[in-house]
Asks: 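Mind looking over this structure? Questions follow.
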Amino acid sequence: MPLTQPDWFSDLEAWWTPAVGEEVARHVEPVGIDDSSRLHVRCSRPAWHTQTRLMGAALTERVNEVLAPRTEIADIVVQAASGAVPRIVQDRWPDIVGEDLAGQVEPVMLALQGQELCTVAVSVAARDEAARRAPEILARIRALIGEQCAITRWSPSSLMPVVVLVTGSASVTQRQTVEDVLLQTWHDAIEAFDTEHTLILEHGCETPTDRFVSEWVARLQLPDDAHLMSAPMAADAARHYDRAVFVRDQQMVARRPDLCRAFVRDTGEVLPLEQKASTASIPVQRVLLP
């Protein structure tokens with residue numbers, strides 16, 4: 001699909017940076033507009049690919065606020081990775097990094113025109129150990145592929161985010177209770193995973209609970225590196241949690257949700273997102289409100 005760049009497009013400091021913030025702007029680059037008025041963007045790292053997709057609805061709204069009234073975009077499309085990891089590297093990964101590390105660090109894409117190997121790690125310890133072994137890992141890859149190997153650089157591993165689905169019935173009005181649970185969830189995530197993992201609160205865009213989540217995160221006015229983000233999903237864009245999209249999506253690792261928090265008013269009420277999470281064996285914690 002051909003992309004165009006309108007007259008206003010090139011001045012990113014006038015519309016893109018004010019809309020998304022400096023941190024996002026450093027890692028996510030607008031590429032062009034397609035025939036359906038969708039903005040296509042390119043990300044610098046696998047983690048930003050995943051996070052930008054999760055933030056798509058919120059970023060679209062912010063961009064439109066800045067661009068109004070001259071134009072409006074319909075959606076944000078995150079382009080695929082610049083290069084796939086060679087199949088032989090994926091197949092021989094345990095031999096390349098070591099059996100002890102293979103399940104904790106995964107290759108996800110090639111950047112810089114195929115010269116840089118990007119990976120994702122499940123923990124800080126795994127990330128640091130992979131960085132320590134990087135020279136040996138790159139040497140093994142070059143030996144495996146041969147003279148035609150272009151991979152010469154190791155990108156510091158991104159950390160898997162912690163993803164919590166948040167859903168609530170339409171009758172929930174107890175904002176303070178919801179915010180107290182969200183704060184406890186954030187604290188629990190830090191205790192379990194440490195402060196370097198981003199906590200993504202993924203939710204819909206329709207109920208009061210959805211609004212409470214977005215407004216709570218916004219009201220905290222956290223810096224870009226605070227590792228907490230609200231990720232609203234449009235109803236027609238909600239993912240099916242029983243599919244392998246959480247394992248691999250265009251060579252991107254997308255984190256399978258760790259937990260679903262469901263706010264309900266009736267013990268017999270089962271929310272649609274709660275049901276999807278349960279079907280996908282994602283742990284569900286219900287909060288019964290009066």
Side-chain angles (χ1 to χ4, degrees), residues 18-25 27-28 47-48 50-66 76 159-235 237-239 241 254-266 269 271-274 276-277 282-290:
V20 304
E22 293 184 359
E23 181 69 10
V24 173
H27 296 279
V28 184
W48 281 101
T50 300
Q51 292 187 23
T52 303
R53 291 184 64 196
L54 290 172
M55 294 188 297
L59 293 180
T60 299
E61 181 178 352
R62 294 177 200 165
V63 168
N64 282 332
E65 288 176 356
V66 174
I76 290 179
L159 291 177
M160 282 281 197
V162 180
V163 179
V164 175
L165 308 178
V166 182
T167 185
S169 64
S171 60
V172 169
T173 59
Q174 293 91 331
R175 177 190 292 270
Q176 189 59 55
T177 302
V178 172
E179 293 183 353
D180 289 345
V181 172
L182 295 177
L183 184 61
Q184 184 61 51
T185 301
W186 191 16
H187 178 269
D188 292 345
I190 291 174
E191 288 289 309
F193 296 94
D194 73 46
T195 58
E196 292 194 50
H197 289 263
T198 296
L199 171 61
I200 299 175
L201 300 173
E202 188 169 301
H203 55 90
C205 303
E206 300 173 345
T207 69
T209 300
D210 299 329
R211 188 176 72 254
F212 296 160
V213 177
S214 293
E215 293 177 354
W216 177 69
V217 173
R219 197 167 65 251
L220 292 175
Q221 295 184 329
L222 298 170
D224 293 329
D225 59 353
H227 302 293
L228 174 68
M229 58 186 294
S230 162
M233 300 179 297
R239 294 174 295 175
Y241 296 108
R255 184 71 156 107
R256 187 179 189 274
D258 299 275
L259 176 68
C260 175
R261 292 274 198 187
F263 295 87
V264 297
R265 297 288 299 274
D266 188 321
E269 183 180 19
L271 305 175
L273 188 57
E274 176 188 6
K276 285 185 178 182
I282 296 168
V284 175
Q285 292 184 359
R286 311 191 87 211
V287 180
L288 182 61
L289 300 173

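Every heavy atom of this structure was used, including side-chain atoms; hydrogens, water molecules and symmetry mates were not.
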Asks: Quick one: which of Leu165, Val164, Val163 gives a side-chain contact (heavy atoms from CB on, under 4.5 Å) with Cys260?
Replies: Leu165

Asks: Side chains of Asp210 and Thr207: any donor to acceptor distance under 3.5 Å?
Replies: yes

Asks: Taking NZ, NE, NH1 and NH2 as the nitrogens, is one of them in Arg211 or Glu206 under 4.0 Å from a carboxylate oxygen of the other?
Replies: no

Asks: If you measure from CG on Leu228 to CG on Leu199, what distance do you get to the nearest 0.5 Å?
Replies: 5.5 Å

Asks: Let me confirm one number: the OG1-CD distance from Thr185 to Glu179, rounded to the nearest 0.5 Å.
Replies: 12.5 Å

Asks: Would you mind telling me which of Glu202, Glu215, His203 makes a side-chain hydrogen bond (donor to acceptor under 3.5 Å, both in side chains) with Ser230?
Replies: His203

Asks: Decide yes or no for Leu271 and Val264: does some side-chain heavy atom of the first lie under 4.5 Å from some side-chain heavy atom of the second?
Replies: yes

Asks: Which heavy-atom pair separates Ser169 from Glu269 by the least distance, and what is that distance?
Replies: CB-OE2, 3.0 Å

Asks: How many angstroms lie between atom CG of Leu288 and atom CG of Asp266, to the nearest 0.5 angstrom?
Replies: 8.0 Å

Asks: Test Thr52 against Leu59 for side-chain contact (heavy atoms from CB on, under 4.5 Å), laying out the working first.
Replies: CA-CA 8 Å; Thr52 303; Leu59 293 180; 4.1 Å; yes

Asks: For Val166 and Thr209, run side-chain contact (heavy atoms from CB on, under 4.5 Å): C-alpha distance rounded to whole Å, both residues' side-chain angles, the deciding distance at 0.1 Å, then the answer.
Replies: CA-CA 8 Å; Val166 182; Thr209 300; 4.0 Å; yes

Asks: Could you pull out the closest heavy-atom pair between Ala189 and Val162, with the gap in Å?
Replies: CB-CG1, 4.4 Å

Asks: List the steps, then state whether side-chain contact (heavy atoms from CB on, under 4.5 Å) holds for Val213 with Leu182.
Replies: CA-CA 8 Å; Val213 177; Leu182 295 177; 4.0 Å; yes

Asks: Any idea which heavy atoms bring His197 and Met160 closest together, and the distance?
Replies: ND1-O, 2.7 Å

Asks: At what distance, to the nearest 0.5 angstrom, does CD of Glu196 lie from NE2 of His227?
Replies: 6.5 Å

Asks: Starting at CD of Gln174, measure out to CZ of Phe212 and round the result to the nearest 0.5 Å.
Replies: 8.0 Å

Asks: Closest approach of Val20 and Ala25, non-hydrogen atoms and distance?
Replies: CG2-N, 3.9 Å

Asks: Looking only at side chains, do Gln184 and Asp188 share a donor and an acceptor under 3.5 Å apart?
Replies: yes

Asks: Check whether any side-chain heavy atom of Gln285 sits under 4.5 Å from a side-chain heavy atom of Leu259, and report yes or no.
Replies: yes

Asks: Determine, stepwise, if the pair Val178 / Val172 fulfils side-chain contact (heavy atoms from CB on, under 4.5 Å).
Replies: CA-CA 9 Å; Val178 172; Val172 169; 4.2 Å; yes

Asks: Would you indicate whether the side-chain heavy atoms of Trp186 and Leu201 approach each other to under 4.5 Å?
Replies: no

Asks: Just how far is it from atom OG of Ser171 to atom CG of Leu289, taken to the nearest 0.5 Å?
Replies: 8.5 Å

Asks: Verify the distance criterion only: is there a donor paired with an acceptor across the side chains of Arg261 and Thr167 at less than 3.5 Å?
Replies: no

